[in-house]
Amino acid sequence: MAPIIQIREMAEHIGAEVTLQGWLYAKTNKGRLQFLQVRDGSGLCQAVVFKKNVSEEDFAAAKELTQESSLRVTGKVVANERSPGIPGGYELDSTSLEVVQVADEYPIQPKEHGVEFLMKNRHLWIRSSRQWAVLRVRATVIRALRDWLDSHGFLNMDTPILTPAAAEGTTTLFEIDFHGEPAYLAQTGQLYNEANIFAFGKVYCFGPTFRAEKSKTRRHLQEFWMLEPEIAFCNLEQLMEIEEEMISYVIQRCLTENAEELKVLERDTASLQRVMAPFPRIHYDEAVAMINAAAEAGELVPGYDDPVPAMPWGEDFGSPHETYIAAQFDKPVFVHHYPTQIKAFYMEPEPGRAEVCRSVDLLAPEGYGEITGGSERMSDPEKLIAAIQAHNLPMEPYEWYVDLRKYGSVVHSGFGLGIERTVSWICGIGHLREAIAFPRMLQSMRP
RNA sequence: UCCUCGAUAGCUCAAUUGGCAGAGCAUGCGGCUGUUAACCGCAGGGUUCUUGGUUCGAGUCCAAGUCGAGGAGCCA
């Protein structure tokens with residue numbers, strides 16, 4: 001019996017007889033010669049079936065195979081420059097074939113399809129090579145993030161998904177019935193992580209978060225995965241260093257571990273190779289000045305036909321503003337010190353200039369938008385209570401949160417990183433829905 | 001919530017001013033020893049999103065609705 005191997009390891013078996021097990025991705029029938037494109041989850045390999053090299057029955061069986069039929073195919077691994085595949089350059093010179101199931105007529109063809117059709121068939125679409133590549137990059141991103149954090153003294157702490165109150169008060173939440181009491185699906189684990197750091201120093205949580213926003217754009221999902229590190233004895237400047245080191249590491253890991261996937265996606269890797277710390281940093285004041293200078297000069301938003309709109313100091317950036325700012329740099333750019341009034345209550349105001357706070361967003365290049373948002377947290381209990389009251393939030397749900405500042409309060413900071421946005425950026429794809437296997441979007445949660 | 005666009009064969013699309021419903025791919029049958037979304041021949045495949053209206057005549061024009069896409073706001 002030939003050993004069963006994964007297509008990814010073909011190169012290590014040149015000249016050997018092996019068995020591949022997988023599904024038929026595509027087939028070309030040339031009469032006495034058939035080319036079977038077999039995918040097994042790890043890659044894609046062409047199995048060549050010559051009539052004279054296999055039994056009558058096996059040759060006939062190969063002829064009956066439809067797209068996505070499951071099979072096992074045995075043969076000799078041959079290096080051949082002409083062979084397509086992931087990775088390319090190897091093929092299987094088949095000697096025998098076992099059909100597991102002949103698939104029904106498969107709806108997705110190797111050609112252009114519309115979004116609606118593909119989303120309706122998402123359970124099948126994930127088998128297609130582009131989707132397969134994106135989701136493998138996603139796995140690498142998550143693995144690399146965890147590796148970096150785990151090896152830099154962070155402890156993984158899981159935070160609750162069922163929560164009694166809004167963490168930030170502003171965003172729309174999914175309300176559920178917690179045995180007669182209203183509860184909400186978490187939109188962040190941050191407040192709990194702030195408790196965790198006083199026990200463990202440096203922590204991160206990673207899990208799904210939920211936003212019931214009426215957003216219907218390529219940059220929004222109703223359910224997305226967020227990584228949230230939180231660090232004790234860490235100020236805003238130190239936070240930015242952590243972010244840029246971690247993200248540079250993740251990009252470089254993807255470049256080495258997912259070279260084949262990025263090739264499938266036809267991603268321009270030169271722009272990713274530039275993503276090395278340090279990243280440029282600009283103050284909110286500076287960003288507003290850049291935007292208004294561009295607006296005055298009549299510059300267009302990169303990628304759009306609309307001019308950059310002017311904005312008054314004190315407002316949050318609109319989507320066109322973010323796109324314009326990010327396009328001025330060839331690396332991700334930090335924008336820090338946003339106006340206090342547009343940010344969450346727990347952010348530390350800048351000493352001596354309380355109208356701005358010690359917050360920072362990281363904007364990805366190429367129009368991929370905000371991929372992290374973070375800040376130095378308020379560490380004085382009296383100021384925190386005042387902030388909660390100023391935002392008209394109820395005191396009771398935050399009592400434990402204020403408590404943290406009474407027993408050994410320290411300067412601390414943290415941020416959240418959106419996984420789907422990061423994956424979309426790395427893969428160069430146009431919509432977040434492709435960066436998660438089964439996206440939840442406004443008016444769409446099937447399959 | 002607002003703005004813009006769209007819906008025709010299983011899929012992707014075409015159909016001139018309102019005048020016979022079309023093609024490619026997929027499917028079935030046949031052919032082919034190097035295909036890369038192969039190619040060649042033959043065949044089958046339609047409630048033109050729904051409802052109403054205008055007209056001798058509507059895929060095409062009008063109205064309402066449904067569904068989808070892109071964008072704004074908000075955000076990661």
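Just so we're on the same page: letters track the sequence lines, and every chain starts at 1. Note that these values count all heavy atoms, side chains included, but never hydrogens, waters or copies made by symmetry.
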Hits for salt bridge (charged side-chain N to carboxylate O under 4.0 Å, His left out) against A:Arg146, two or more places apart or cross-chain, chain-then-number order -> none

Listed partners of A:Arg253 passing side chain to side chain donor-acceptor pair (under 3.5 Å), at least two apart:
A:Asp147, A:Tyr249, A:Glu257

By side chain to side chain donor-acceptor pair (under 3.5 Å), which residues pair with A:Ser424, not counting sequence neighbours?
none

Write out all pairs satisfying salt bridge (charged side-chain N to carboxylate O under 4.0 Å, His left out) with one or both partners inside residues 79-106 of chain A, taking only residues at least two apart or from two chains.
A:Arg72-A:Glu98

Suppose you measure atom P in B:G18 against the same atom in B:G28; what distance do you get, rounded to whole Å?
42 Å

Check whether more than 12 heavy atoms from other residues, nucleotides or ligands sit under 6.0 Å from atom CD of A:Glu112, and answer yes or no.
no

Only pairs at least two apart or in different chains count here, so list each ring-ring contact (aromatic ring centres under 6.0 Å, His included) that has a residue in residues 31-89 of chain A.
none

For RNA chain B, the expected dot-bracket line (Watson-Crick or G-U under 3.5 Å, [ ] crossing, | inter-strand) is (((((((..((((.....[..)))).(((((.......))))).....(((((..]....))))))))))))....

When all nucleic acid strands are considered with a 4.0 Å heavy-atom cut-off, which category describes A:Ile108: base, sugar-phosphate, or nothing?
nothing

Please name all residues satisfying side-chain contact (heavy atoms from CB on, under 4.5 Å) with A:Asp158, sequence neighbours left out, ordered by chain then number.
A:Asn156

Identify whether any heavy atom of A:Gln109 sits under 4.0 Å from a base atom; if not, whether one sits that close to sugar-phosphate; answer base, sugar-phosphate or nothing.
base

With sugar-phosphate meaning primed atoms plus P, OP1 and OP2, does A:His220 contact a base, only sugar-phosphate, or nothing at under 4.0 Å between heavy atoms?
base

Where the side chain of A:Glu213 is defined as all heavy atoms beyond and including C-beta, which of B:C75, B:A72, B:U12 is the nearest nucleotide?
B:C75

At less than 4.0 Å, is any side-chain N or O atom of A:His431 found next to OP1 or OP2 of B:G70? Yes or no.
yes

Would you mind listing every ring-ring contact (aromatic ring centres under 6.0 Å, His included) that reaches into residues 66-117 of chain A, with sequence neighbours excluded?
A:His113-A:Phe117

Contacts of type side chain to side chain donor-acceptor pair (under 3.5 Å), residue A:Thr340, not counting sequence neighbours:
none

Sorted by chain and residue number, the side chain to side chain donor-acceptor pair (under 3.5 Å) partners of A:Gln37 (sequence neighbours excluded) come out as A:Gln46

What contact category does A:Gly369 fall into here, base, sugar-phosphate, or nothing, at under 4.0 angstrom with non-hydrogen atoms?
nothing

Can you find a side chain N or O atom of A:Arg433 that sits less than 4.0 Å from OP1 or OP2 on B:G70?
yes

Every protein N/O within reach of nucleotides 30-40 of chain B N/O, cut-off under 3.5 Å:
| from | atom 1 | to | atom 2 | distance (Å) |
| --- | --- | --- | --- | --- |
| B:C32 | N3 | A:Asn29 | O | 3.3 |
| B:C32 | N4 | A:Asn29 | O | 3.4 |
| B:U33 | OP1 | A:Arg32 | NH1 | 3.1 |
| B:U33 | OP2 | A:Lys30 | O | 3.3 |
| B:U33 | OP2 | A:Arg32 | N | 3.2 |
| B:G34 | O2' | A:Arg82 | NH1 | 2.9 |
| B:G34 | N1 | A:Glu91 | OE2 | 3.0 |
| B:G34 | N2 | A:Gln46 | NE2 | 3.3 |
| B:G34 | N2 | A:Glu91 | OE1 | 2.7 |
| B:U35 | O2' | A:Thr28 | OG1 | 3.2 |
| B:U35 | N3 | A:Gln46 | OE1 | 2.7 |
| B:U35 | N3 | A:Gln46 | NE2 | 3.4 |
| B:U35 | O4 | A:Gln46 | OE1 | 3.4 |
| B:U35 | O4 | A:Gln46 | NE2 | 2.8 |
| B:U36 | N3 | A:Arg82 | O | 3.2 |
| B:A37 | O4' | A:Pro110 | O | 3.3 |
| B:A38 | N6 | A:Asn29 | O | 3.1 |
| B:A38 | N1 | A:Lys30 | NZ | 3.3 |

Quick check on the 6.0 Å ring-centre criterion: do A:Tyr338 and A:Phe317 meet it?
yes

Within the structure shown, what part of the strands sits under 4.0 Å from A:Glu81 by heavy-atom distance: base, sugar-phosphate, or nothing?
nothing

Position toward the 5' end of RNA chain B (nearest nucleotide), A:His113 or A:Glu105:
A:His113

Looking across every strand, which nucleic acid part, if any, lies under 4.0 Å from A:Thr372 by heavy atom: base, sugar-phosphate, or nothing?
sugar-phosphate

I'd like a table of atom pairs between the protein and nucleotides 1-5 of chain B - only N or O on both sides, under 3.5 Å - with the distance next to each one.
| from | atom 1 | to | atom 2 | distance (Å) |
| --- | --- | --- | --- | --- |
| B:U1 | O4 | A:Lys214 | O | 3.2 |

Start at the 5' end of RNA chain B and walk down; is the nucleotide closest to A:Phe117 or to A:Asp306 reached first?
A:Phe117

